[in-house]
Amino acid sequence: MRLDLGAIAKAGTSKANQTGSWRNYKPIFHQVKCIGCGLCKIYCPEGCVTMIEKKKYTVDYTYCKGCGICAEECSSSDIEMIVEEK
Amino acid sequence: MSTTTLTAPKEQSCTLLASGHTACTGCGEALAAKLVLGAAGSDIIVTDATGCLEVFTTRFPQSSWEVPFIHSLFENSAAVASGVEVALKALGRQNEAKVIAQGGDGGTADIGLQALSGMLERGHDILYVCYDNEAYMNTGVQRSGLTPFDCMTTTSPCGELSWGNKHNKKDMPSIAAAHGIPYVATASVAFPKDIENKVKKALSITGPKYMQIHSPCPLGWRSNPQLTIKVAKLAVQTGLYPIFEMENGKVTKVRKVTTPKTPVEEYLKIQGRFAHLFKSPKGKEEIQKIQEIADRNVEKYGLA
Amino acid sequence: MSTTFIEGSIAVAKTVGVCRPHVISAYPITPQTHIVEHLSELVADGEIKAEYVNVESEHSAASVVLGSSATGARTYTATTSQGFLLMIEVLFNIAGMRLPVVMTCVNRAVSAPINIWNDQQDSLTARDSGWIQLYAEDNQEASDMHLQAFKIAENKDIMLPVMVCMDGFVLTHSFDPVELISQEQADKFLPPFKPEYYLTPKNPLTLGTMVGPDGYMETRYFIEKTMHASLQVISDVAADFHNQFGRFQGGLIDTYKVEDATLVLVAMGSIIGTIKDIVDELRAKGQKVGVLKVRSYRPFPKDEIYKALSHVKEIGVVEKAVSLGYGGILVNEIKSVFYGKPKTPKINGFILGLGGRDITADTIHQVIKETVKAASEEKFVGLNEALIGGK
């Protein structure tokens, strides 16, 4: 990063910003009924859902803001939103 | 039912729009940008107009962009991209990267329209992507040229004498197509595979390309963040947001609406920006006008 | 070295051409047109290998060169007056992003009323933009200054854009003998542009970030500091140029018969030539007068000006622009040079030549007479009494 030369930033450095702290609701990936459609990953605006193996996805709570899109769009209702305990 | 979630593997973020950006929860634009980059791959240079996307991804010293990125001003994303594209040519580096210009609906269809027109007319090999969330969201939900009819924004409020935005949404894809460019497409965050295909197709074509992606904004649309995809889907299914491709000025492909058709109420009623239409009997007439807009779209693009 | 009898605009275009710009983008506006027309011809004839981008506005012209410069290309644009004003938003942006773009500002009055003739209101309006501003006295200097401008801008310790200001019509459309710079000479003087950072997938950087209250002020500080550092670079580049070409038109300033003068006029641009003639005339009559040319207006060379004028009793500052509601612009900066110094000369300011109003020998004589009088508020010189009700 070069503030002195026009405020240039390095690629991908926002990963230092743990947006998970914003969360009021938390998705729970039950990993039971998952059919592996991958919609949770595709539709995540944070890019923080990953596939561990076929039919097994998980979310990185470091960044998950708890929007609930994954739970809403899950083809097999295998993701549940619960109130975040702080 | 297990409530434990397995921990994420090491190579967490494989997206070119890195996590940690500060978009609102359920942001359609963040999702759209992620999908565009995913389809385009890493050998690109992107420009962006001032707006939400720029603000939530580039707060110094951080950046969410894993690809070379430049933001300059509100109205000049297309002109800056033109400069990037000719520089690559002049320096003999044209095979190094494809150029993608980005902007919101205001930065594209209003203040940036002139620069975009210049870019399209000059034939630059650039894909311009407009993330259309139908108002100036970054400044607090003011009306833009792409705000739909009767939509309530902070500068097109409803009141005794007003049903919200008095004007129809500007037909930006047709304006782009009128420049005689090879490829114009609309898309929606509800259909990621479609975005991927269109971005890939656009980037395979030499010359200027225009793509407009419907990107719900839960804050400005007063919709539940969880429903971002559902809202986007309904806009397409009702015919209010026609999804099509235009090649060399002719519509070549469309996404059909549902049969029987979904009434526009289904789309309107889950958004606070249209809530005023449901509060009085007279609102029904307004909803009817919106239904007619959808019907005209279905007719015009052959969506049925 | 051979001299060519050539129009100022064409001389400038040819010099820009031998600077090997990669990208040129401009929008036509009188009296800048001859420069960009000639450059587009050079490109069309294959005499220079550059991309010439015809844009739909000056805002886009500046934005195109911004994008190109950020991609690692050497870039050039030119404009004037209204076009310049339309560019201003981008000009601040180019400087803030530390992109070494070079542009010609052909100096012209600004509207309303619309007026296509020369004064220097346009470039002075952007004095705080972070661009280095150099003012040319004649077409030889205007031409040479562009080669120097790229070298100053692209210096790795500077990385700021440079604006060469030349008076519209007075210089751009006048034919003068100019020693043109050959490609070989230019290549010897100006190394290829190799920026440290630029847009490339090989090193994906983010340019044009948003900086909050925690860092914005520092970005201004860095530019201000660099502006000060550029004082030396501008001098050095002028000296290098002198060494290679044998021509010297001043570094930060230039002086003419100032050393023993008791009265000195201070000005920028083509008016210097007119004043020099009057200086010679009065010197012949035994009057100790001289003229100081401010060549670098931004950065403003306070120390050099003070050094040159510390012995002078009377200073007349002559300028073709006005800060409406305040008066002269340059005169107040010259006054500030003497703030806190042991001796302060008498300083008078004169606003003249606005919108192309004739500046004759009589105008300069009048200025000198007024300079001798007690210091007063800035005066408009050369007003038509009949038009202002005889006051």
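Lettering follows sequence order; numbering is per chain, from 1.
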Please look at [X] and chain B and tell me whether the side chain, the backbone, both or neither of the residue comes under 4.5 angstrom of a heavy atom of that chain.
{"X": "A:Leu39", "answer": "neither"}
{"X": "A:Cys44", "answer": "both"}
{"X": "A:Gln18", "answer": "neither"}

Heavy-atom neighbours of B:Ile270 CD1 exceed 12 at 6.0 Å: yes
Under 4.5 Å from any heavy atom of chain A - which part of B:Lys193: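 Neither the backbone nor the side chain of B:Lys193 comes within 4.5 Å of chain A.
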Considering only heavy atoms from C-beta outward, does the side chain of [X] approach that of [Y] to under 4.5 Å?
{"X": "B:Thr22", "Y": "A:Trp22", "answer": "yes"}
{"X": "B:His21", "Y": "A:Glu46", "answer": "yes"}
{"X": "A:Ile69", "Y": "B:Thr25", "answer": "no"}

Atom pair CD1 (A:Ile8) and CD1 (B:Ile70), whose distance is rounded to the nearest 0.5 Å: 9.5 Å
Rounded distance [0.5 Å steps], CZ in B:Arg59 versus OG1 in A:Thr13: 13.0 Å
Residue-level contacts of residues 97-106 of chain B with chain A, using a heavy-atom cutoff under 4.5 Å: none
Side-chain donor/acceptor of A:Ser14 to backbone N/O of B:Ser19, under 3.5 Å: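 Yes, A:Ser14 side chain to B:Ser19 backbone: donor-acceptor pair under 3.5 Å.
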Pairing residues for B:Glu29 by the salt bridge (Lys or Arg N to Asp or Glu O under 4.0 Å) criterion, not counting sequence neighbours: none
Best-contacting candidate, B:Gly28, B:Ser63, B:Pro225, B:Ser64, against chain A by heavy atom pairs under 4.5 angstrom: B:Ser63
Among the listed options B:Ala30, B:Pro61, B:Ala33, the residue most often paired with chain A at heavy-atom distances under 4.5 Å: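 Counting heavy-atom pairs under 4.5 Å, the top option is B:Pro61.
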Minimum heavy-atom distance A:Gly68-B:Gln226, with the two atoms named: O-CG, 3.1 Å
